[in-house]
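Naming convention: chains lettered A, B, ... in sequence-line order (proteins, then strands); numbering from 1 in each chain.
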Protein chains: 2
Amino acid sequence: MAVVATSTRGRILAAATELFGTRGVDAVSLDEIAAAVGVRKQTVLYWFATKDELVDAVFADAVAQMGAVIEAAVRAAPDEPLARVDSVVRAVFRAAVRTPPLLGLMRELSRLPEARAARLRERLVPLVDRAVAYLGAEMDAGRVRRSDPRLLASLAAATVTGIATDPEALRAVGWHANLVELRHLRTELRAFLRAALSPHA
Amino acid sequence: MAVVATSTRGRILAAATELFGTRGVDAVSLDEIAAAVGVRKQTVLYWFATKDELVDAVFADAVAQMGAVIEAAVRAAPDEPLARVDSVVRAVFRAAVRTPPLLGLMRELSRLPEARAARLRERLVPLVDRAVAYLGAEMDAGRVRRSDPRLLASLAAATVTGIATDPEALRAVGWHANLVELRHLRTELRAFLRAALSPHA
DNA sequence: ACGTCTCTCTACCAACTGGTAGAGAGACGT
DNA sequence: ACGTCTCTCTACCAGTTGGTAGAGAGACGT
């Protein structure tokens with residue numbers, strides 16, 4: 001369900017993803033999206049009857065993308081918790097570099113009316129449940145630091161999305177986005193999560 | 001410079017803090033803020049000549065509050081890195097419980113026009129610099145896991161603001177806000193950071 | 001040559017946005 | 001009793017918002 005950027009519909013979705021993710025849903029107008037695509041607002045409304053419909057499509061697409069990325073990363077990694085975390089972090093990073101506003105969008109979820117957010121969240125629930133169950137089992141096996149697996153999963157996720165979506169935190173320490181710094185950040189993030197999850201504390 | 005919620009001005013600031021923090025600056029209108037306070041929009045504009053002026057005041061207040069909270073927490077803690085982190089986490093938690101949108105506001109910083117964000121950031125720069133220098137020194141002393149102190153500070157901060165401002169991450173694992181769960185979350189967060197910072201990985 | 005379908009356009013609209021102008025009500029010192 | 005200052009109000013404005021109505025241009029099967 002990835003965005004096909006050649007069709008008008010696909011280009012609208014891509015532009016909306018970008019703008020919603022970086023500036024917030026409410027702050028972006030249909031006119032602005034249309035201008036970014038190079039069409040009139042009414043063309044946007046031809047493809048998506050209302051703004052809400054566009055918002056839903058953008059989020060559904062983003063959630064599906066994130067879900068697929070994480071699922072693939074888990075499947076590709078060996079059955080060892082720290083390696084899996086590494087694999088997921090790599091994959092999420094790759095996705096975030098390819099589509100920078102993706103993680104920002106994930107965060108915008110919390111500003112959506114609860115009913116719609118819940119519907120979108122459903123898509124991710126199985127992933128989360130599996131991650132929590134996996135962490136719990138690995139704790140029993142002594143391969144992950146003993147703690148509440150639900151909250152451990154949330155904390156790890158918050159660290160990843162937090163660092164990826166909050167440029168202020170990085171700018172405040174003189175960090176600037178470029179390939180070398182990005183690789184450095186990824187290395188540090190993996191070490192951080194490894195340390196936070198390791199059983200020997 | 002804490003908000004005095006009895007004066008009209010103070011009540012406007014408090015309402016704007018709440019709304020800006022939870023829904024974003026652009027998405028909240030002056031009418032809405034006025035309605036929340038129980039006055040007309042023109043009363044808001046009497047106290048703050050423009051919306052920008054109100055936004056600046058809200059952010060300046062929030063940044064000052066956060067700065068004061070963190071500074072006090074650091075001074076109160078013994079000179080031992082994990083204890084200091086504990087102390088800061090406690091203090092930030094307490095502030096976030098008292099004024100829930102505070103951390104959300106911190107995140108909104110990144111959506112402000114760069115010039116204004118930079119001006120507000122200045123207030124926090126000395127705090128950040130000191131934290132980074134401190135972490136670096138403690139790494140040399142072997143009391144903190146060796147890594148890039150700038151990024152370690154950012155990752156720890158991202159974890160705290162991430163978990164505090166992204167209710168989705170917590171709701172997805174069945175977490176609900178109440179005093180017991182909150183205390184549990186704080187405990188887990190402190191253990192998480194302890195593990196991530198500890199030298200023995 | 002014709003109708004049909006897909007797509008984008010121009011021209012509007014009511015509601016809401018941030019902001020201006022200025023009146024009026026009360027408290028207070030003289 | 002008077003003016004002055006502080007504060008909130010009603011009335012209004014131009015620009016922008018999401019959305020409607022409907023025309024027209026091109027591709028395509030017949």
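As the counterpart of D:dC28, C:dG3 is assigned, both hydrogen-bonding distances of the Watson-Crick or G-U wobble pattern falling under 3.5 Å. Using the Watson-Crick or G-U wobble rule with both distances under 3.5 Å, D:dA14 pairs with C:dT17. Searching all strands for a Watson-Crick or G-U wobble partner of C:dC12 with both distances below 3.5 Å returns D:dG19.
A close approach under 4.0 Å does not occur between any side-chain nitrogen or oxygen of A:T8 and OP1 or OP2 of C:dC7. At the phosphate of C:dT17, OP1 or OP2 sits under 4.0 Å from a side-chain N or O atom of B:S29. Taking 4.0 angstrom as the limit, B:W47 places none of its side-chain polar atoms (N or O) nearer than this to OP1 or OP2 of D:dT6. Neither OP1 nor OP2 of C:dC7 sits under 4.0 Å from any side-chain N or O of A:T43.
If you take NZ of A:K51 and C1' of D:dT20, they are 18 Å apart, rounded to a whole angstrom. A straight line from NZ of A:K41 to C1' of D:dG19 spans 7 Å, rounded to a whole angstrom. The nearest whole Å value for the distance from the CD1 atom in A:I33 to the C1' atom in D:dT17 is 12 Å. The nearest whole Å value for the distance from the CZ atom in A:F20 to the C1' atom in D:dG18 is 12 Å. The CZ atom of A:R9 sits 15 Å away from the P atom of C:dT6 (whole-angstrom rounding). The nearest whole Å value for the distance from the CG atom in B:D26 to the C1' atom in C:dC16 is 15 Å. Spacing between atom CZ of B:R23 and atom C1' of C:dT17 amounts to 14 Å, rounded to whole angstrom units. Atom CG in A:L45 sits roughly 14 Å away from atom C1' in C:dC12 (whole-Å rounding).
Between B:R116 and B:D52 there is a salt bridge, since a side-chain N of the basic residue sits under 4.0 Å from a carboxylate O of the acidic one. Ion pairing of A:R146 with A:D140 is present here, as a side-chain N (NZ or NE/NH1/NH2) and a carboxylate O approach within less than 4.0 Å. Salt bridge A:E108/A:R111: present, at least one basic N to carboxylate O contact under 4.0 Å. In summary, B:R84 and B:E138 do not engage in a salt bridge, as defined by a charged side-chain N under 4.0 Å from a carboxylate O.
The side chain of B:L30 sits closest to C:dG18 out of D:dG19, C:dG18, C:dT20.
The residue B:V44 sits apart from the nucleic acid: no heavy atom pair falls under 4.0 Å. The residue B:V37 sits apart from the nucleic acid: no heavy atom pair falls under 4.0 Å.
Residue B:W47 forms a side chain to side chain contact (heavy atoms under 4.5 Å, CB included) with just one option from B:T43, B:L45, B:V44, and that option is B:T43.
Nearest-nucleotide positions on DNA chain D place A:D31 closer to the 5' end than the other of A:D31 and A:Q42. For the pair A:Y46 and B:T50, nearest-nucleotide mapping onto DNA chain C gives the more 5' position to A:Y46.
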